[in-house]
Amino acid sequence: MSVENAPVVDVDEAAIPVEKKMYYRFESNDKKEFRVSELAIQQSETLNRLVEAMGYTSEDVENKPAIAIENIDGKTLKLVFQWCEHHKGEAIPVDDGSVPKIVEIPEFDAKLMDIDNGLLFKLIWAADYLNIVQLLNVSCKKVANMAQGKTPAQLRRVYLLPSDEEDEAAKRAAQEAQDPRAREVEEEFEERKRQGGNSFF
Amino acid sequence: MSFPFLLQLPYNSIKNVIKTMDIRDTFGFSLISKKSALLVKAIKLKVKYFTVTVASTLRVEITICEEITLTFHFYETEQIDYDEVPTEPPKDLYPPGYVVLSNWRNYEKREFTMKKWIDHFLKHLFPKVQFLDIHCTRSHYELMRDYFNYSDSINIRRDNMVLEIDLGVIPKILIRNFDLVETWFYLEMSLNELLIGNAQSFIYHEVSLSNKQINMFLKCWMKGACPNLKHTMIRVFSEKPLDLDVVWKGIKNQAAPQDGIGICETCDYFLQFKGGVNIKRFDGVVATVFIEPVDNGSFSVCDLNMFVDHR
């Protein structure tokens, strides 16, 4: 099944097919609405628990407002639900704690994640928030693949990681931004510790 | 391709990214900064074998699983294969300018001393080592002991150990309190050397002991020798055939109940056992002993198994 054909539809677009299966309605933070099958929702532990707790009937789904997902936008949520629909019914992988973790990216997922880094970042956040284990695995694997064959210096550029010196400077700046009185107390405490005193008072 | 948002991801996702990396990339990632090393430490890489070879080369091999072995060559000079005799005399250990990984990728870290490299391996990257395997001469053993015997690294070193080469270091190994000491070659071991063992588990695949020495070993254990011992398996080679009258002479013992199954929680080799002979230490701790002859042609061979304080 191609990404385009995945059965996630914006509610204001094409006509909704009438099926006996239950479809839940979700709304992103930019007011885009999606209908997602009950089976697809099972890929997300967070949403699955939520709909179970709500105990909606088919009538409730139609008559009550769509379930709001406050911190995910429509573009990201569309990708998430496309992924869930494509993988519905598949077993959710259990983390056996093995490291390195062997993850294969299927063709569908690779196409789905052929997106810019900003959107990939949001997709990982969404997968983490909604607790979609396999989507999190494949999206993280895509980021991990960017490290392939790189030297530490190249890796620093790929992931924009600060050097030790930059980390130290940031730490100092954060300390300086602290409340001046708290800093004074901390310095006094450090001074007393250096002098070998056990008690601050 | 770059992904400048890595550190802005949720912590679990950052760990997931590192966990799904190729292990060689993970190693490179750990060398970027202290923060990246801490992130790699957080994923708790497990290692099956950790082998250090010191001859005219210093080579560290880390086996993650059956398929993945990282080999780090610290010296650029003579490369020798396993068991090959070096032609150059041993060198003093010095900080490597860089580490060559599997003859494939160089990792440079000019500011790293040898101590920092070893720290990086054993404290940051691979804190859970199942087997630490040091192949080195006696003179180098002292040096390697210094390198591996500080701060947290000692816990790993104490974890398990297999030693294959220099017999001169054996007593030094036995006296330390490792979880497991295992030897795979013929040992001319004195009774005293056997009795200084401090490990929880000894597995000696070939040891020369007389019937009387086995008797003395059991008696000394009953008096408090080898206090940490939980399990031992010794394949004993002797000039004379096994004589149980000599072995048990003067030892108060009792046949263990035949219907109960004992479970040894220390060793991987014999998880369950039945029968045997019980002996009691001065403090009341019971050990079940098995002494069984082994058919070995012209040699007189027996297996001595001993399970201490088992369930």
Exercise. With Asn48(A), which residues qualify under side chain to side chain contact (heavy atoms under 4.5 Å, CB included), at least two apart?
Worked result: Ile41(A), Gln42(A), Val51(A), Glu52(A)
Exercise. Any idea how Phe26(A) and Tyr24(A) line up, ring-wise: parallel (<30°), tilted (30 to 60°), or perpendicular (>60°)?
Worked result: tilted
For this session: Look only at the side chain of Gln43(A) and the backbone of His87(A), and say whether a donor-acceptor pair between them is shorter than 3.5 Å.
Result: yes
Seminar exercise, completed: So, the part of Asp167(A) with a heavy atom under 4.5 Å from chain B: the answer is side chain
Exercise. Counting N and O atoms only, with roles assigned by atom type, does the side chain of Thr20(B) sit under 3.5 Å from a partner on the main chain of Ala144(A), one being a donor and the other an acceptor?
Worked result: no
For this session: Answer yes or no: is there a side-chain heavy-atom contact under 4.5 Å between Tyr23(A) and Val36(A)?
Result: no
Exercise. Is a salt bridge present between Asp73(A) and Lys75(A), judged by a nitrogen-to-oxygen distance below 4.0 Å?
Worked result: no
For this session: Select all residues of residues 120-134 of chain A having any heavy atom within less than 4.5 Å of some heavy atom of chain B, and report them by number, or 'none'.
Result: Leu120(A), Phe121(A), Ile124(A), Trp125(A), Asp128(A)
Exercise. Side chains of Asn16(B) and Ser13(B): do they bring a donor and an acceptor to under 3.5 Å?
Worked result: no
For this session: Against chain B, label Asp95(A) side chain, backbone, both or neither, depending on which of its atoms sit under 4.5 Å from a heavy atom there.
Result: side chain
Problem set entry | Lys32(A) side, atom NZ; Thr76(A) side, atom OG1 - distance, nearest 0.5 Å | 10.0 Å
Seminar exercise, completed: Assert top hit (heavy-atom pairs under 4.5 Å, partner chain B, pool Glu165(A), Lys142(A), Gln154(A), Met146(A)) equals Met146(A)
Problem set entry | Residue Leu7(B) versus chain A: region with a heavy atom under 4.5 Å | side chain
Exercise. What option among Val103(A), Asp164(A), Leu155(A) has the most heavy-atom pairs under 4.5 Å with chain B?
Worked result: Asp164(A)
